[in-house]
Amino acid sequence: MTDQAPAPYAGKPRVLSGVQPSGDLHLGNYLGALVKFARLQHEMETFIFVADLHAITAWQDPAKLKDQVREIAAAYLATGLDPKVATIFAQSAVPAHAELAWVFNCVARLGWLDRMTQFKDKAGKHKERESVGLYTYPVLQAADILIYKATHVPVGEDQRQHLELTRDIAAKFNHDFGAPNFFPLPDALTQGPGARIMSLRDGSAKMSKSDPSDNSRINLTDDADTIAQKVRKARTDAEVLPEKLEDLKGRAEAENLVGVYAALSGRTAQDVLTEFAGQGFGAFKPKLADLAVSVMAPIGGEMRRMLADPAEIDRILTAGAEHAREVAAPTLAEVKRIVGFWAG
Ligand code: TRP
């Protein structure tokens with residue numbers, strides 16, 4: 001007998017992703033995540049949630065947390081996620097995430113978590129003061145993904161390591177409990193035109209909600225004037241735009257603005273250069289401002305409209321959670337049986 005290659009995972013392809021309700025969403029989240037969610041929903045069964053369990057790994061005002069969840073949900077809907085197509089819900093409304101996370105806490109090794117760079121970045125010098133939840137954050141993330149046996153996870157580049165950990169947890173669970181292929185080994189989908197949107201004030205730093213300067217980012221809720229003003233104030237250089245992409249190297253701010261233009265217009269960066277070659281930022285910025293306003297301002301407007309009367313958002317989240325619980329239940333029951341739990 002020859003060794004047989006292990007059978008591939010036979011479950012159906014599924015997309016899952018989520019965003020934490022812990023701060024304003026910006027252009028980087030929009031291009032790097034939300035736009036991808038809206039596109040993928042038409043390609044595969046899609047689950048998109050609001051990660052409120054993850055949010056409390058750092059302090060959140062209990063009086064505001066529900067509204068923060070609604071705001072992320074509004075952003076999903078305003079970007080084109082369709083509740084008739086995708087399942088949209090709040091993480092805390094599906095207890096199976098937390099239940100599976102406990103089992104995974106007993107599968108993941110301390111050594112694996114010790115290597116997580118996001119924890120190191122967030123905790124800084126004083127890790128002893130952080131919540132234990134922040135440390136096991138990526139284990140809960142693995143549970144978010146695997147409770148639906150998701151196979152594709154659209155996330156930013158910074159989440160790649162958490163996806164590797166998810167695969168390690170899935171493989172170790174399958175192996176240790178003698179359940180080959182029970183969990184898939186999901187793939188991170190990090191590619192795309194919006195993969196790396198940089199700060200408008202510093203082309204070497206990622207656009208981030210934690211940057212103290214609000215001018216460094218375009219928030220989803222900024223109105224048209226604010227968006228245009230931020231683009232006009234964006235840091236640039238004194239050169240004209242080149243004809244070829246490789247000639248943008250070393251000009252981080254210029255490269256970023258060309259990338260933003262390309263991502264917002266659905267064109268390639270080379271295409272954008274072909275149109276603007278030889279022009280300076282005095283000419284390019286107003287065009288970029290118009291484009292940014294035309295794409296982003298309606299999204300902010302739609303979010304404000306929905307949030308003014310959140311009954312519809314709440315209804316969508318309630319129905320989404322109901323469906324998510326139904327899909328999660330058989331997987332959790334199987335896990336309990338496989339582990340040998342008394343109740344399951
Ligand atoms: N950690 C992700 C982020 O900060 C959010 C998240 C939580 C997530 N659970 C997830 C993303 C599951 C994808 C899948 O962006």
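Atoms considered below: every heavy atom in the structure, side chains included; atoms not considered: hydrogens, waters and symmetry mates. The model shown is predicted, which means the values in this text are computed figures rather than measured ones. Start at 1 and go down the list; that is how both ligands and their atoms are numbered.
Inclusion of Q118 in the set of residues having an N or O under 3.5 Å from an N or O of ligand 1 is not warranted. Of the polar atoms of H162, none of the N or O atoms is found under 3.5 Å from an N or O of ligand 1, judged by distance alone. Inclusion of S17 in the set of residues having an N or O under 3.5 Å from an N or O of ligand 1 is not warranted.
For Y9 and F183, the distance between ring centers is not under 6.0 angstrom. Checked against a 6.0 Å centroid threshold, the rings of F89 and H323 do not count as neighbours. Residues Y135 and F119 bring their aromatic ring centres within 6.0 Å.
Counting atoms of ligand 1 from 1 in the listed order, those under 4.0 Å from a heavy atom of D144 are 7 (C), 9 (N), 10 (C), 12 (C). Near G18, the atoms of ligand 1 lying under 4.0 angstrom from a non-hydrogen atom of the residue are 5 (C), 6 (C), 8 (C), 11 (C), 13 (C). In summary, the atoms of ligand 1 found under 4.0 Å from a heavy atom of V155, numbered by their order in the structure, are 11 (C), 13 (C). Every atom of ligand 1 is numbered from 1 in the order shown, and the set under 4.0 Å from a heavy atom of H54 is 7 (C), 9 (N).
Heavy atoms of V19 found under 4.0 angstrom from ligand 1: none, in either backbone or side chain. Contact annotation: for Y148 versus ligand 1, there are no heavy atoms closer than 4.0 Å. Contacts between I145 and ligand 1 below 4.0 angstrom, taking non-hydrogen atoms only, involve the side chain exclusively.
A salt bridge between E253 and R201 is absent, with no side-chain N of the basic residue lying under 4.0 Å from a carboxylate O of the acidic one. Salt-bridge formation is not detected for the pair R217/D211: no Lys NZ or Arg NE/NH1/NH2 atom is positioned less than 4.0 Å from an Asp or Glu carboxylate oxygen. Between R196 and E157, none of the side-chain N atoms (NZ, or NE/NH1/NH2) sits under 4.0 Å from a carboxylate O, so this pair counts as no salt bridge.
Scanning the protein for heavy atoms near atom 8 (C) of ligand 1, the closest one is Q141 NE2, 3.6 Å. Among all protein heavy atoms, the one lying closest to atom 1 (N) of ligand 1 is Y137 OH, 2.7 Å. Of the protein's non-hydrogen atoms, Q159 OE1, 3.4 Å is the one closest to atom 2 (C) of ligand 1.
For the pair K36 and Y30, the cation-pi test (distance below 6.0 Å, angle within 45°) is failed.
Between L288 and V260, the closest heavy-atom pair is CD1-CG1, 4.1 Å.
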